[in-house]
Amino acid sequence: MINHIVLVGRLTRDPEIRYTQTGIPVASFSIAVDRRFKNANGERETDFINLVAWRKQAELVGEYVKKGYLIGVEGALHMRKYQTREGENRTAYEVVCDNIQFLDRGSRSGGGAYEPTPFSDADAPPETSFNPPPVDSGPDDADLPF
């Protein structure tokens with residue numbers, strides 16, 4: 001059986017970091033993911049997906065991403081049941097993250113939405129002096145039978 005989810009979306013809020021009674025960090029956050037196809041009105045619909053990250057990933061998410069940042073996530077869909085304070089039974093679905101990729105470049109300081117950092121010459125890959133040897137083209141065109 002397979003339970004594998006891959007998502008790319010933007011955070012809808014800043015991650016919430018908590019710690020279990022034994023001190024393990026847990027991050028809760030959600031992302032907005034546009035559907036691939038447009039609806040009957042010609043608009044794209046968006047799904048809002050709850051995510052949970054544990055341990056080191058939770059710490060990294062809490063430190064480096066904010067509302068509006070683009071991330072890629074691999075994980076598994078989990079269902080958990082709980083009871084409200086009023087005694088009502090509820091079911092929650094969330095993706096437990098196995099791998100998180102930070103896809104935006106931007107400043108880590110300040111709050112609020114993502115503001116991209118402009119690229120500079122320092123961001124460009126270094127130029128190399130590699131000049132590949134010429135490819136042997138084989139026989140002269142005059143030697144070809146066609």
Side-chain angles (χ1 to χ4, degrees), residues 1-139 141:
M1 292 178 241
I2 298 174
N3 182 356
H4 185 83
I5 294 177
V6 178
L7 302 166
V8 174
R10 293 200 178 273
L11 269 73
T12 61
R13 58 185 165 88
D14 289 351
E16 177 186 323
I17 309 300
R18 308 180 309 283
Y19 293 87
T20 65
Q21 292 177 351
T22 57
I24 298 171
V26 181
S28 298
F29 52 106
S30 63
I31 59 173
V33 179
D34 288 337
R35 292 187 182 176
R36 294 176 65 189
F37 303 102
K38 296 180 181 178
N39 63 18
N41 298 331
E43 301 168 342
R44 287 198 190 273
E45 293 182 12
T46 302
D47 293 308
F48 299 91
I49 300 169
N50 294 323
L51 304 162
V52 176
W54 291 85
R55 296 179 175 77
K56 186 65 176 175
Q57 284 189 346
E59 292 174 342
L60 292 171
V61 164
E63 185 175 344
Y64 292 109
V65 297
K66 303 270 186 235
K67 178 181 178 179
Y69 275 45
L70 183 69
I71 64 168
V73 174
E74 286 183 87
L77 182 64
H78 286 214
M79 177 189 78
R80 62 182 169 86
K81 295 184 179 198
Y82 65 97
Q83 213 170 49
T84 65
R85 292 183 180 150
E86 294 78 31
E88 297 176 10
N89 291 325
R90 298 284 170 99
T91 302
Y93 293 92
E94 56 202 8
V95 174
V96 176
C97 302
D98 294 328
N99 184 19
I100 301 172
Q101 297 292 317
F102 304 148
L103 302 176
D104 268 335
R105 295 177 49 94
S107 70
R108 295 182 201 152
S109 61
Y114 167 73
E115 294 180 22
T117 302
F119 285 99
S120 68
D121 289 340
D123 296 323
E127 291 190 30
T128 63
S129 59
F130 175 71
N131 293 318
V135 177
D136 181 18
S137 60
D141 286 346

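Residue numbers count from 1 along this sequence.
- With rounding to the nearest 0.5 Å, the separation of CD1 in Ile31 from OG1 in Thr46 is 11.5 Å.
- Listed here is the closest heavy atom pair of Ser28 and Arg13: O-NH1, 3.4 Å.
- Residue Thr12 comes nearest to Phe48 through the heavy atom pair CG2-CD2, 3.7 Å, listed as atom of the first residue, atom of the second, then distance.
- Within a 6.0 Å sphere centred on CZ of Arg55, other residues, nucleotides and ligands contribute 12 heavy atoms or fewer.
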Run the side-chain contact (heavy atoms from CB on, under 4.5 Å) test on Ile17 and Glu63 for me, step by step, so that the C-alpha distance in whole Å, both residues' side-chain angles and the decisive distance to 0.1 Å come before the verdict. CA-CA 10 Å; Ile17 309 300; Glu63 185 175 344; over 6 Å; no
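- With rounding to the nearest 0.5 angstrom, the CH2 atom of Trp54 is 13.0 Å from the CD atom of Glu59.
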Going through the checks in order, is the side-chain contact (heavy atoms from CB on, under 4.5 Å) test met by Phe29 and Val65? CA-CA 10 Å; Phe29 52 106; Val65 297; over 6 Å; no
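- Counting heavy-atom neighbours within 6.0 Å of Tyr93 OH, excluding the residue itself, gives a total of 12 or less.
- No hydrogens or angles considered: nothing links the side chains of Arg90 and Thr84 as a donor-acceptor pair under 3.5 Å.
- Across Ala27 and Val61, no two heavy atoms sit closer than the pair CB-CG1, 4.4 Å.
- Sorted by first and then second residue, the salt bridge (Lys or Arg N to Asp or Glu O under 4.0 Å) pairs involving residues 19-42 (not counting sequence neighbours) are Arg35-Glu45, Arg35-Asp47.
- Asp14 places a side-chain N or O within donor-acceptor distance of the main-chain N or O of Lys67, the cut-off being under 3.5 Å.
- Taking each heavy atom of Tyr69 and Tyr64 in turn, the nearest pair found is CE2-O, 3.4 Å.
- The two residues Gly9 and Val33 have their closest heavy-atom pair at CA-CG2, 4.2 Å.
- To the nearest 0.5 Å, atoms CD1 (Ile5) and CG (Leu77) are separated by 4.5 Å.
- Residues Ile100 and Leu60 fail the side-chain proximity criterion, which asks for heavy atoms closer than 4.5 Å.
- Between the side chain of Glu74 and the backbone N or O of His4 there is no donor-acceptor pair closer than 3.5 Å.
- By the side-chain hydrogen bond (donor to acceptor under 3.5 Å, both in side chains) test, Thr20 is found to be paired with Thr22, residues two or more places apart in sequence or in another chain being considered.
- With hydrogens and angles ignored, the 3.5 Å screen pairs a side-chain donor or acceptor of Asn39 with a backbone N or O of Asn41.
- The two residues Gly72 and Leu103 have their closest heavy-atom pair at N-CD1, 3.5 Å.
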